[in-house]
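Okay, structure first, notes after.
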Number of protein chains: 2
Amino acid sequence: MTVLTDPATDLAPRILTGERRALARAITLVESGRADHRAQAAALLDVLAGRGKQALRIGLSGTPGVGKSTFIESFGMMLVGQGLKVAVLAVDPSSARSGGSILGDKTRMERLSREPMAFIRPSPSQAQLGGVARRTREAVSLCEAAGFDVVLIETVGVGQSETLVAEMTDLFILLMAPAGGDELQGVKRGIMEMADMILVNKADGDLKAAALRTRSDYAGALRLLRRRPQDPEGFPKAVAVSALAEEGLKAAWEDMQALAEWRRAQGHFERRRAEQARHWFETEVREGLLARLHTDPEVRARMQALGASVAAGHAAPAAAAAEMLAALGR
Amino acid sequence: MTVLTDPATDLAPRILTGERRALARAITLVESGRADHRAQAAALLDVLAGRGKQALRIGLSGTPGVGKSTFIESFGMMLVGQGLKVAVLAVDPSSARSGGSILGDKTRMERLSREPMAFIRPSPSQAQLGGVARRTREAVSLCEAAGFDVVLIETVGVGQSETLVAEMTDLFILLMAPAGGDELQGVKRGIMEMADMILVNKADGDLKAAALRTRSDYAGALRLLRRRPQDPEGFPKAVAVSALAEEGLKAAWEDMQALAEWRRAQGHFERRRAEQARHWFETEVREGLLARLHTDPEVRARMQALGASVAAGHAAPAAAAAEMLAALGR
């Protein structure tokens, strides 16, 4: 990547004017694992903190095959048509293996990727979910500084990535395909409980009837869940949409806005943001603390020496750990 | 709990002579979360390090209903009958809620619990799996110091607890009930890969035929797994047993011994122990480091102040984290 001499002074004003190239560069910077890049990224984020716009952060999860790309394309174009700037990011824990499987191919969203009001960023190849989380949260901050109105964070419906995306967004949307009653049973309760809205896609052509039935099944399932304090009457909600026919998208967007507005009025919105920021701070401290065990050569050497002594049976693990912790200062 | 003035000098010699009451007290000490108890426990473990006996550590997992208690009772009595001292510990991540659900009721193993050669310790109620892991590993060390020949660590077949038990034992045994072919599909591949032996229990009465068929199904499934370097020909192995009729237990024990002997001869046994000890040391260092964020009042106050500042939007999470890390020393 290009070496940036002083990204805080160089990139910050360009990001604040919404320059997409500067935004892309800044995201590349936050994605870097190099120590100097980390320091530059932290400085840049600090300069930008609290500036720009408070976007609506929307998490979007759905397993492969539910039509996520088509949905993002249609939904994104609809938002752009309303004069809104839309950023799309991706969290894909599988990309470490596949080399960036989701959003990797921008041609999947051909119209949106050519749209000046939109910004699409594929998922980077990262080894750790923790690393993915940080770079995504930081990318969201950068998109807000660049004045985006809506930040969509796409994830595949597997394991921890959904929890992670839910923890960094204001709304969490589950995109589903029309399904038989049996398949509905397979949706994990935890994921249902995270969802603010379930959108049943493909409510078009031959699948329309199935989609409407599935929507009604999910609506029933959602009613069985305990009412959450952050939800107004009628939420979480299941609706049917067709990304392909571009139907139901405006109504879904109105629902999302109504939900966000209600939460803003009740104070839930800001409280959640504050909790998320605090959580992010605490996570960074913990990760930074643990990183010292590997980055500081002296500490690393001592860890290895004590570890070898424990492995050889010369020291008990707990006693060696106590010695190491004493060496690490109070 | 009883306050112990100097457990290292008081308890250590009593443990080394195999006194069960001293062992029970020492385990209570390692289970305590109090800082002074932690320090006493670490000192005690260090005094005992490398003394006593190298027991065979056997992890035993099985979902409720497979007859785990009956198996431990029969298997334990069989070992005692061979002149071996047997300790039984439990790892139960659900016990934080249930208040110690497994081994909680010693009457489940009536004969074994009355046996002077045996020691049974129920699962404590602990909030964190990490805490459970540490106290169990330390309890294993104490049992070895007390001269036990076999330490059985029981766990319920859920989630992470199996991985955790596999990481602290020499052999990992999966106890299963006779099942239909469909159920076999449901056994997670990861768990199959951890197992050194699968024992299909209840090979008696009406279920005998089903148990033999299930055994054969598992044997087939195990053959499909890649041969592991730590396994001799024929392992991992599936055998049928009846804990109730006390059948097949001696043969299973001979298999376990043969496997352990082979691994000892190949150097796998000691290598694995060394890796486990190193892993335990590293885990303790990481946990100890993170604990400082909560235990040191000054650090905790600063974390709270910076966290509040981040939550209020006055500081960016990454910059606040950098400030906190700087305050924590190099």
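Not measured: the values here are computed from a predicted model. Because only heavy atoms are used, hydrogens play no part in the values below, and waters and symmetry mates are left out as well, while side chains stay in. Each chain gets a letter, A, B and so on, in the order its sequence line appears, and its residues count up from 1.
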Identify which of A:Ala39, A:Ala318, A:Ser309 forms the greatest number of heavy-atom pairs closer than 4.5 Å to chain B. A:Ala318

If we define contacts as heavy-atom pairs under 4.5 Å, which of A:Ala319, A:Gly307, A:Ser141, A:Gly288 has the most with chain B? A:Gly307

With rounding to the nearest 0.5 Å, note down the distance linking [atom1] in [X] to [atom2] in [Y].
X        : Y        : atom1 : atom2 : result
A:Leu290 : B:Glu282 : CG    : CD    : 12.0 Å
B:Arg286 : A:Arg286 : CZ    : CZ    : 14.0 Å
A:Met303 : B:Phe281 : CE    : CZ    : 4.5 Å

May I ask you to name which of B:Gly313, B:Ala312, B:Ala277 has the most heavy-atom pairs under 4.5 Å with chain A? B:Ala277

Pairwise side-chain contact, A:Arg292 with B:Leu328, heavy-atom cut-off 4.5 Å (strictly under): yes

Identify all side-chain donor-acceptor contacts of residues 42-54 of chain A below 3.5 Å with residues at least two apart in sequence or on another chain.
| from | atom 1 | to | atom 2 | distance (Å) |
| --- | --- | --- | --- | --- |
| A:Lys53 | NZ | A:Asp149 | OD1 | 2.9 |
| A:Gln54 | NE2 | A:Glu270 | OE2 | 3.0 |

Which heavy atom of B:Arg278 sits nearest to which heavy atom of A:Ala308, and what is that distance? NH1-N, 3.7 Å

Which atoms form the tightest heavy-atom contact between A:Glu284 and B:Leu325, and what is the distance? O-CD1, 4.2 Å

Proximal component of A:Glu275, with respect to chain B [non-hydrogen, under 4.5 Å]: neither

Please classify the contact between A:Ala320 and chain B as side chain, backbone, both or neither, with a heavy-atom cut-off of under 4.5 Å. both

Toward chain A, the part of B:Leu293 with a non-hydrogen atom under 4.5 Å: side chain

